[in-house]
Student: 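My structure is below; once you've seen it, I'll send some questions.
Residue numbers count from 1 along this sequence.
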Amino acid sequence: MASSYVGGLSGAFIPVSEDQRMIDAATAGALTLEKLEAMTCVCSVGLDMIAIPGDTKATTISGIIADEMALGMVNQKTTAVRIIPVIGKKEGDSAEFGGLLGYAPIMHVNPYSCDDFINRGGRIPAPIHSFKN
């Protein structure tokens with residue numbers, strides 16, 4: 001994992017497919033999607049280059065994006081989500097992206113539904129400034 005003086009404003013940069021140690025940790029099960037979400041509180045970009053099963057529901061992907069938006073809002077920073085549903089692949093498989101994009105293990109996605117939450121609609125509010133006091 002790039003750290004200290006490389007890759008990002010905070011010094012943490014977590015593109016799973018582009019770092020061999022991140023790939024190894026994800027393959028071993030030591031690095032999970034939930035842990036990566038938590039790490040985005042201190043990283044400079046958000047969820048980056050994470051391969052997930054191709055049959056992951058759209059509402060589940062929307063829930064992951066909503067989580068990341070909420071983290072960005074609370075932490076007053078720009079975050080992004082670059083997760084890749086890989087058609088025909090399941091958890092434990094690997095996806096080759098080529099070149100600098102590398103390869104990534106297909107990571108486990110929480111099986112619990114967030115359909116009701118996502119289908120409610122709504123919006124993420126502007127950043128909260130009162131937490132600075």
Side-chain angles (χ1 to χ4, degrees):
M1 173 195 308
S3 62
S4 193
Y5 297 104
V6 222
L9 301 173
S10 68
F13 188 53
I14 53 175
V16 175
S17 77
E18 299 168 12
D19 184 284
Q20 188 60 52
R21 298 296 175 241
M22 299 282 285
I23 293 167
D24 294 344
T27 300
L31 186 62
T32 64
L33 188 54
E34 290 81 9
K35 185 173 278 191
L36 286 164
E37 284 180 327
M39 289 172 67
T40 65
C41 289
V42 296
C43 87
S44 61
V45 290
L47 298 173
D48 194 20
M49 293 303 290
I50 299 167
I52 62 173
D55 62 354
T56 304
K57 293 170 50 174
T59 52
T60 299
I61 295 170
S62 296
I64 294 167
I65 293 169
D67 284 347
E68 195 57 36
M69 289 171 62
L71 287 170
M73 185 269 305
V74 168
N75 291 313
Q76 298 181 348
K77 64 183 205 161
T78 303
T79 55
V81 176
R82 193 162 55 160
I83 53 176
I84 306 157
V86 183
I87 304 301
K89 300 283 187 174
K90 61 185 186 327
E91 179 184 339
D93 291 343
S94 184
E96 179 69 44
F97 302 118
L100 294 174
L101 297 178
Y103 71 98
I106 307 299
M107 296 185 72
H108 171 77
V109 174
N110 188 315
Y112 294 100
S113 174
C114 60
D115 293 359
D116 291 342
F117 175 72
I118 294 302
N119 291 329
R120 270 182 89 160
R123 64 182 189 86
I124 301 292
I128 297 173
H129 295 283
S130 63
F131 288 159
K132 288 184 172 182
N133 296 342

Student: Determine whether a donor-acceptor pair (N or O, by modelled atom type, separation under 3.5 Å) exists between the side chain of Lys89 and the backbone of Gly54.
Tutor: no
Student: After noting the C-alpha distance and the side-chain angles of Glu18 and Leu100, does the key distance pass the side chain to side chain contact (heavy atoms under 4.5 Å, CB included) rule?
Tutor: CA-CA 7 Å; Glu18 299 168 12; Leu100 294 174; over 6 Å; no
Student: Is Ser17 reaching over with its side chain to a backbone N or O of Leu101, donor-acceptor style, under 3.5 angstrom?
Tutor: yes
Student: Is the closest side-chain heavy-atom distance between Glu37 and Ile64 below 4.5 Å?
Tutor: yes
Student: First locate atom OG1 of Thr79, then atom CG of Asp48, and finally report the distance between them rounded to the nearest 0.5 Å.
Tutor: 11.5 Å
Student: Can you tell me how far OG1 of Thr59 sits from CG of Asp115, rounded to the nearest 0.5 angstrom?
Tutor: 3.5 Å
Student: Kindly give the heavy-atom pair with the smallest separation between Gly46 and Thr40, and that separation in Å.
Tutor: C-CG2, 3.4 Å
Student: Return the OG1 to CE distance between Thr27 and Met107, rounded to the nearest 0.5 Å.
Tutor: 9.0 Å
Student: Quick check: is Ile23 connected to Met49 through a chain of hydrophobic side chains (ILVMFWY, heavy atoms under 4.5 Å apart)?
Tutor: no
Student: From Asp67 CG over to Ser62 OG, what is the distance, rounded to the nearest 0.5 angstrom?
Tutor: 11.0 Å
Student: To the nearest 0.5 Å, what is the distance between CG (Leu47) and CD1 (Ile84)?
Tutor: 11.5 Å
Student: So, do Ile65 and Glu68 sit near enough that their side-chain heavy atoms are less than 4.5 Å apart?
Tutor: no
Student: Taking Val16 as the starting point, is it possible to reach Val109 by hopping between hydrophobic residues whose side chains are less than 4.5 Å apart?
Tutor: yes
Student: Indicate yes or no: at least one non-hydrogen side-chain atom of Ile61 is less than 4.5 angstrom from one of Ile83.
Tutor: yes
Student: Please tell me whether Val81 and Met69 are part of a single hydrophobic cluster in this structure, the criterion being side-chain heavy atoms less than 4.5 Å apart.
Tutor: yes
Student: Taking all atoms of both residues into account, what is the closest heavy-atom pair of Ala51 and Val86, and its distance?
Tutor: CB-CG2, 4.0 Å
Student: Quick one: closest heavy-atom pair of Pro53 and Thr56, and the distance?
Tutor: O-OG1, 2.7 Å
Student: CD1 of Ile52 to OG1 of Thr60: how many Å apart, nearest 0.5 Å?
Tutor: 8.0 Å
Student: Atom CG of residue position Asp116 - does it have more than 12 heavy atoms of other residues, nucleotides or ligands inside 6.0 Å?
Tutor: no
